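Just so you know, these numbers come straight off a predicted model, no measurement behind them. A note on names: the letters A, B, ... follow the listed sequences, proteins ahead of strands, and every chain is numbered from 1.
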Amino acid sequence: MDYVTSFVDLWSLRGRVVIIAEKPKAASKIASAVLPSYRKITVQGVPLYVYKGNGLEVTVASAAGHIFNLSTKLSGYPVFSYEWAPSFEVDRRSLHIKKFYQALIEACRGRDYYINACDYDIEGSVIGFLIIKFLGDPKKALRAKFSSLTPAELRESFKRLTRLDYEMIEAGLARHELDWLWGVNISRALMSAVERAVGKRVILSAGRVQTPTLAYVAQQLTERNLHIPYPIFSLSLVVEKDSARVGASREKGVFETQSEALRVASIIKEKKYVQVEDYVEEKVSVPPPFPFNLGDLQGEAYRIYGFSPYKTQEIAERLYLEALISYPRTNSQKLPPTLNYGMILNQLAENPAYRYLVAQLLSETGGRLKPREGPKEDPAHPAIYPTGVKPPHNLPPDMLKVYDLVVRRFLAVFSRPYEIVRQRVVFSAGVPGETFYSEGQYLVRKGWLLYYYFHTPRETRIPSFRKGELVRVVEVDLKKMSSKPPNRPTKMSILKWMESVEIGTESTRARIIETLFYRGYLKMSSRGVEITDLGLGVIEVIGEFFPELTKVELTREFEKSLEDIRVGKTSRSLVVEKAKQTLSSLIEKFEPRKSGVGKELAIRLGMIAPASKCVICGRQALSGNMCRYHFEAYRRLKEGYQEWSRREGVSFRDYLKRVAESRSTGKWVKEVAEAVLKGSVLVLD
DNA sequence: GCAAGGTC
């Protein structure tokens with residue numbers, strides 16, 4: 001078969017054809033783009049689109065994501081056998097899928113051809129294939145391939161149908177099986193260990209995405225709790241020019257010792273002047289932002305309104321279902337060139353809130369609408385944009401906020417750069433190597449900030465300076481500070497981290513973060529995200545017995561295997577078999593230690609008391625009298641004195657006092673320092 | 001019941 005003739009035109013087929021879309025919205029768009037005319041019927045409340053003519057009957061039906069899910073009837077572990085089952089039969093949270101399943105049974109009955117028209121990505125290939133496998137006939141199946149739901153592209157794709165993309169399907173099936181095998185088996189191992197220790201069932205979980213995410217949070221918060229602050233000294237100046245006062249910071253940053261800071265400060269005080277070494281003023285042009293993908297929208301809604309990523313995602317999904325915005329679960333920062341931007345703008349202009357902005361945009365662009373785009377792409381969906389449909393008057397305020405972000409961002413991407421003048425002056429302080437700088441900026445053209453004003457830079461204009469000019473110093477500020485611990489993670493920073501290491505997807509990242517809270521691994525306090533003793537314990541246990549699962553590299557390995565399946569270098573059965581072997585041998589090594597692990601986790605759950613208690617916190621003590629966290633804090637506290645005595649020349653006791661008092665000190669370190677001062681913990685060499 | 005991945 002040569003290349004060209006391997007394509008099949010829908011309109012060359014004869015008989016009864018069913019087209020399967022991934023979701024109702026897509027089914028509707030496919031029907032109106034591809035069918036010359038259709039009748040819309042409803043089965044179990046699910047719309048089907050039917051065309052009859054030219055010896056052909058075509059029905060467009062729709063899934064609602066995955067209709068089938070892996071499951072097993074077996075309990076216990078290791079469990080290596082499973083089968084695909086309708087999701088609503090194995091999980092009552094999926095009951096809303098049942099009507100789609102029933103409508104698909106109707107739509108697939110007695111067909112001559114089955115066309116998988118789900119999103120052209122690995123999951124879409126699986127969704128369509130399983131429906132055809134269980135409700136149709138894979139021997140009579142074809143695949144439609146399109147990367148956007150625009151009418152022209154859809155029509156074209158149905159003229160160039162191919163055979164089923166079996167390589168992609170096999171890769172997709174393997175992804176499901178690998179995640180299931182690792183997730184279900186390790187989760188069961190943890191739960192079973194606790195059950196053996198205390199005879200009670202507790203729900204615990206582990207997985208390829210959630211466990212590395214938990215490990216990341218554990219690592220961040222552990223470093224924070226173990227932070228030893230070091231004294232640092234910040235020297236800044238206030239200079240005066242044309243009766244304007246300007247603050248200046250030291251270019252080399254902070255001093256490590258007070259004596260050095262004092263030396264420089266006193267020289268400047270004596271001289272009373274600094275000299276302008278350099279002054280630069282440049283106009284910078286800042287191009288419009290990229291169109292939103294979900295992660296960027298979540299980031300902005302968090303930054304501007306404090307919405308959690310999950311909240312933003314839920315709102316965006318509701319806006320999508322009300323047809324106000326395009327598909328939100330996308331990674332793309334690109335807008336389809338086939339989209340009628342002008343029409344959307346005209347519709348947006350019917351909303352008084354945007355009328356003026358649209359008029360302004362059309363006038364500044366002269367109607368030539370070319371969006372700025374970012375590098376990120378998505379195989380199945382474009383960036384998020386407003387559809388132009390007018391929101392109802394009673395749209396809840398939080399939904400309106402997210403909608404407004406999407407509209408304003410969409411307007412901004414067509415606009416012009418804003419222009420800002422950035423100023424930078426460098427003063428030499430008359431001490432070799434000691435320079436200070438001030439920066440200022442002021443806006444000279446608003447550009448896209450008119451539409452998307454959430455980024456408006458602060459105006460901090462400073463006077464202009466001449467090189468060589470002497471400037472009077474009116475203040476010399478020497479501040480004693482402490483080195484700061486790493487920031488506490490937030491739901492948003494966790495999600496951004498997941499994006500940066502490429503684990504999870506747009507649809508799942510925010511949800512998986514919520515799962516960590518729901519399991520009791522993480523909790524929210526007034527301070528922000530905290531990790532619980534259970535969360536720490538789970539990471540320690542998995543890190544010891546199933547270390548692969550705590551690392552993002554497992555995802556990289558999966559991706560490599562899936563790619564190899566796709567290009568025919570290996571097969572799904574080989575990849576899955578290897579995973580089973582790996583899991584078997586890990587579980588084999590886990591078994592003899594299971595009781596101990598169960599007890600440890602039960603202690604973390606507060607279900608049993610530790611055999612010996614940490615003198616500071618009451619957690620299970622190691623061989624000494626402290627838990628592993630306070631022991632590590634104790635070790636670092638002793639180690640930290642070296643540096644403190646170099647910088648400050650303090651006694652050990654004064655060092656402890658200062659560390660105990662500092663607000664930058666990590667929680668565990670502070671607790672140890674206080675205990676040593678009280679005498680409840682002795683310092684040994 | 002446990003994963004991650006779709007989507008109502």
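Between the CG atom of A/L70 and the P atom of B/dA3 there is a distance of 13 Å, rounded to whole Å. Note: NE2 (A/H66) to P (B/dG6) measures 7 Å, nearest angstrom. Following rounding to the nearest Å, A/Q313 (CD) and B/dG5 (P) show an atom-to-atom distance of 12 Å. Distance, A/D119 CG to B/dT7 P: 6 Å, rounded to whole Å. When the P atom of B/dG6 is taken as reference, atom OH of A/Y120 falls 16 Å away, rounded to whole Å. If you take CG of A/D378 and C1' of B/dG5, they are 14 Å apart, rounded to a whole angstrom. Between the P atom of B/dG5 and the CG atom of A/N331 lies a distance of 13 Å, rounded to the nearest Å. Rounded to whole Å, atom C1' of B/dG5 lies 14 Å from atom CD1 of A/I503.
Listed pair A/R329 / B/dG5 fails the phosphate criterion, with no side-chain N or O lying under 4.0 Å from OP1 or OP2. Listed pair A/T505 / B/dG6 meets the phosphate criterion, a side-chain N or O lying under 4.0 Å from OP1 or OP2. OP1 or OP2 of B/dT7 sits under 4.0 Å from a side-chain N or O of A/Y327. Look at A/T508 and you won't find any side-chain N or O under 4.0 angstrom from OP1 or OP2 of B/dA4. At B/dG1, none of the side-chain N or O atoms of A/R519 fall inside 4.0 Å of OP1 or OP2 (strictly under the cut-off).
Looking at the side chain of A/S75, the nearest of the listed nucleotides B/dG5, B/dT7, B/dG1 is B/dG1. When the nucleotides B/dG6, B/dC2, B/dA4 are ranked by their closest atom to the side chain of A/R93, B/dC2 comes out on top.
Residue-level contact check: A/E317 touches neither bases nor backbone, having no heavy atom under 4.0 Å from any strand. Counting non-hydrogen atoms under 4.0 angstrom, A/R318 reaches nothing in the nucleic acid. Residue contacts for A/G504: at a heavy-atom cut-off of 4.0 Å it reaches the sugar-phosphate backbone alone, with no base atom in range.
A heavy atom lying under 4.0 Å from DNA chain B marks none of the residues of residues 535-566 of chain A. Within residues 181-218 of chain A, the residues having any heavy atom closer than 4.0 Å to DNA chain B are, in order of number, A/G183, A/V184, A/S187, A/R188, A/M191, A/I203, A/L204, A/S205, A/A206, A/G207, A/R208, A/V209, A/Q210.
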Considering only distance and modelled atom types, tabulate donor-acceptor pairs under 3.5 Å from the side chains of residues 134-144 of chain A, sequence neighbours left out.
from   : atom 1 : to     : atom 2 : distance (Å)
A/D137 : OD1    : A/K139 : N      : 2.9
A/R143 : NE     : A/D165 : OD2    : 3.3
A/R143 : NH1    : A/N116 : O      : 3.2
A/R143 : NH1    : A/C118 : O      : 2.8
A/R143 : NH2    : A/D119 : O      : 3.0
A/R143 : NH2    : A/S125 : OG     : 3.2

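A donor N or O paired with an acceptor N or O is found under 3.5 Å between the base of B/dG5 and the side-chain atoms of A/R511.
Between A/R556 and A/E553, none of the side-chain N atoms (NZ, or NE/NH1/NH2) sits under 4.0 Å from a carboxylate O, so this pair counts as no salt bridge.
Every residue meeting the side-chain contact (heavy atoms from CB on, under 4.5 Å) condition with A/A61, not counting sequence neighbours, appears here in chain and number order: A/V18, A/L48, A/L104, A/A107. For A/P547, the side-chain contact (heavy atoms from CB on, under 4.5 Å) test picks out A/K551, with sequence neighbours left out. Listed by chain and number, the residues in a side-chain contact (heavy atoms from CB on, under 4.5 Å) with A/M524 are A/K491, A/F517, A/V529 (sequence neighbours excluded). With sequence neighbours left out, the salt bridge (charged side-chain N to carboxylate O under 4.0 Å, His left out) criterion links A/K401 to A/D398. Residues satisfying the salt bridge (charged side-chain N to carboxylate O under 4.0 Å, His left out) test with A/D91, not counting sequence neighbours, are A/R93. Evaluation of the side chain to side chain donor-acceptor pair (under 3.5 Å) rule for A/D296 yields A/Q333 as partners, not counting sequence neighbours.
Nearest-nucleotide mapping onto DNA chain B: of A/D121 and A/R92, the residue sitting toward the 5' end is A/R92.
A/Y305 and A/E300 share no donor-acceptor pair across their side chains, judged by distance under 3.5 Å alone.
Between A/W182 and A/F558, the ring planes are tilted. Angles from 30° to 60° get that label.
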